[in-house]
Asker: 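Input: one structure, supplied below.
Convention: sequence-line order gives letters A, B, ...; per-chain numbering from 1.
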2 protein chains.
Amino acid sequence: MFSNTAKYAIKACLFLAVNSSEVNKLVIKDIAEPINVPSAYIAKILQALSKKDIISSTRGPKGGFYLTKNQFQTNVMQIIEAVDGEERLNSCLLSLEKCNSDNPCSLHHLVYEEKHKINERLKRTTLEDLRQHIMRGESILPL
Amino acid sequence: MFSNTAKYAIKACLFLAVNSSEVNKLVIKDIAEPINVPSAYIAKILQALSKKDIISSTRGPKGGFYLTKNQFQTNVMQIIEAVDGEERLNSCLLSLEKCNSDNPCSLHHLVYEEKHKINERLKRTTLEDLRQHIMRGESILPL
DNA sequence: TCTTAAATATGATTTTTATCATAAAATATC
DNA sequence: GATATTTTATGATAAAAATCATATTTAAGA
């Protein structure tokens, strides 16, 4: 459904949302280990996210990764799109370009509605929402 | 969501369901071209499907691929599992082994219900169902 | 029984994705 | 300003998925 990269990106952002702030930056190693992702790999992903302004970073001593106030409002879909590209999620199940509601492919009606709902929810859910969910103990921070 | 292989497998089975029968077998080329999949690749997929008894085949002149009566009752999920393996569809969005309803990961509630519905529908929908849908003009055979 | 037309088995190649490694640039602190 | 610590840029390697190629086996029909 999502690439490994996208999953890792979500994990990392969520970890930042829960554990970091502008005055408490996290260094790569302190992110990679707890979320259980190879650090050289997550480094690359964090770089990409930072470039797309999904997360923030500063170099040098006392530097690291963190989220700004605004960035807590990033939704999950934006994270996925930032690393996987737009189409991946929106493409037809059977990879037909011609497939749409007017000209549905054979599996269209089997999944369309639910797929749409999932996408909408991913768009509507922000890092802040997920953070609160975790804080309330309603879900676990992934490891 | 699914691998290319799974998509191709579905396309091919559906094409067989609509166009073949025990007395009208289809040769690889006659499947590959209309469904727009490289013929050496679909050949390999058809072999795998045949081995798992999702489709039938006979070699030699007048040979080819086709579905038996029983095989029209194969559901879409079975096709996907035959080529992708069981777990792919059931794995957690964030790839956590520990994630389940009792111990939900952070994205669990965002997608679980819909994902479950999709899976159920894929299990409940047979090739015969899809064939009829196409015959009634309610969806298109994918190219 | 020979020839031909088909699937099957096997494995090679290419492309994509995932992962690892490291030199360069930036910044805080002394 | 020198040093140490961090991200950034870049590219190399490994693994997996997709694709291509071909020799072997099977079965029909002449």
Asker: Specify the separation, in whole Å, of atom CZ of A/Phe2 and atom P of C/dA18.
Answerer: 13 Å

Asker: Taking only side-chain N and O atoms of B/Ser50, does any of them lie within less than 4.0 angstrom of OP1 or OP2 on C/dT8?
Answerer: yes

Asker: Whether B/Tyr8 contacts D/dT19 is assessed here as follows: a side-chain N or O lying under 4.0 Å from the phosphate OP1 or OP2. Is that the case?
Answerer: yes

Asker: So if you build clusters from Ile, Leu, Val, Met, Phe, Trp, Tyr with side-chain heavy-atom gaps below 4.5 Å, do B/Val18 and B/Leu130 land together?
Answerer: yes

Asker: Does B/Ser57 have a side-chain nitrogen or oxygen under 4.0 Å from the phosphate oxygens OP1 or OP2 of C/dT8?
Answerer: yes

Asker: To the nearest 10 degrees, how far apart in direction are the end axes of the helix from C/dT1-D/dA30 to C/dC30-D/dG1, each fit to five base pairs?
Answerer: 0°

Asker: Which listed nucleotide (C/dT8, C/dT19, D/dA18) is nearest to the side chain of A/Lys44?
Answerer: C/dT19

Asker: Here's one to test your reading of the geometry: is the NZ or CZ of B/Lys25 within 45 degrees of the ring axis of B/Tyr66 and under 6.0 Å from its centre?
Answerer: yes

Asker: Can you run down the salt bridge (charged side-chain N to carboxylate O under 4.0 Å, His left out) pairs that involve residues 117-135 of chain A, sequence neighbours left out, and say none if there aren't any?
Answerer: A/Glu120-A/Lys123, A/Arg121-B/Glu114, A/Glu128-A/Arg131

Asker: With sequence neighbours left out, which residue pairs that include part of residues 114-137 of chain B fulfil the ring-ring contact (aromatic ring centres under 6.0 Å, His included) condition?
Answerer: A/His109-B/His133, B/Tyr112-B/His116

Asker: Please table the atom pairs, donor to acceptor, closer than 3.5 Å between any side-chain atom in residues 37-49 of chain A and protein atoms at least two apart or in another chain.
Answerer:
from	atom 1	to	atom 2	distance (Å)
A/Tyr41	OH	A/Thr5	OG1	2.6

Asker: Taking only N and O in the side chain of B/Lys51, is any of them less than 4.0 Å away from OP1 or OP2 of C/dA9?
Answerer: yes

Asker: Rounded to whole Å, please give me the gap between CD1 in A/Ile42 and P in C/dA21.
Answerer: 17 Å

Asker: Atom OH of B/Tyr41 and atom P of C/dA9: how far apart are they, to the nearest Å?
Answerer: 18 Å

Asker: Output a table of nitrogen or oxygen pairs between the protein and nucleotides 4-6 of chain C separated by less than 3.5 Å.
Answerer:
from	atom 1	to	atom 2	distance (Å)
C/dA6	O4'	B/Gly60	O	3.3
C/dA6	N3	B/Gly60	N	3.4

Asker: Residues two or more places apart in sequence or in another chain: which of them pass side-chain contact (heavy atoms from CB on, under 4.5 Å) with A/Lys51?
Answerer: none

Asker: Decide if atom CD of A/Gln132 counts as having more than 12 heavy atoms of other residues, nucleotides or ligands within a radius under 6.0 Å.
Answerer: yes

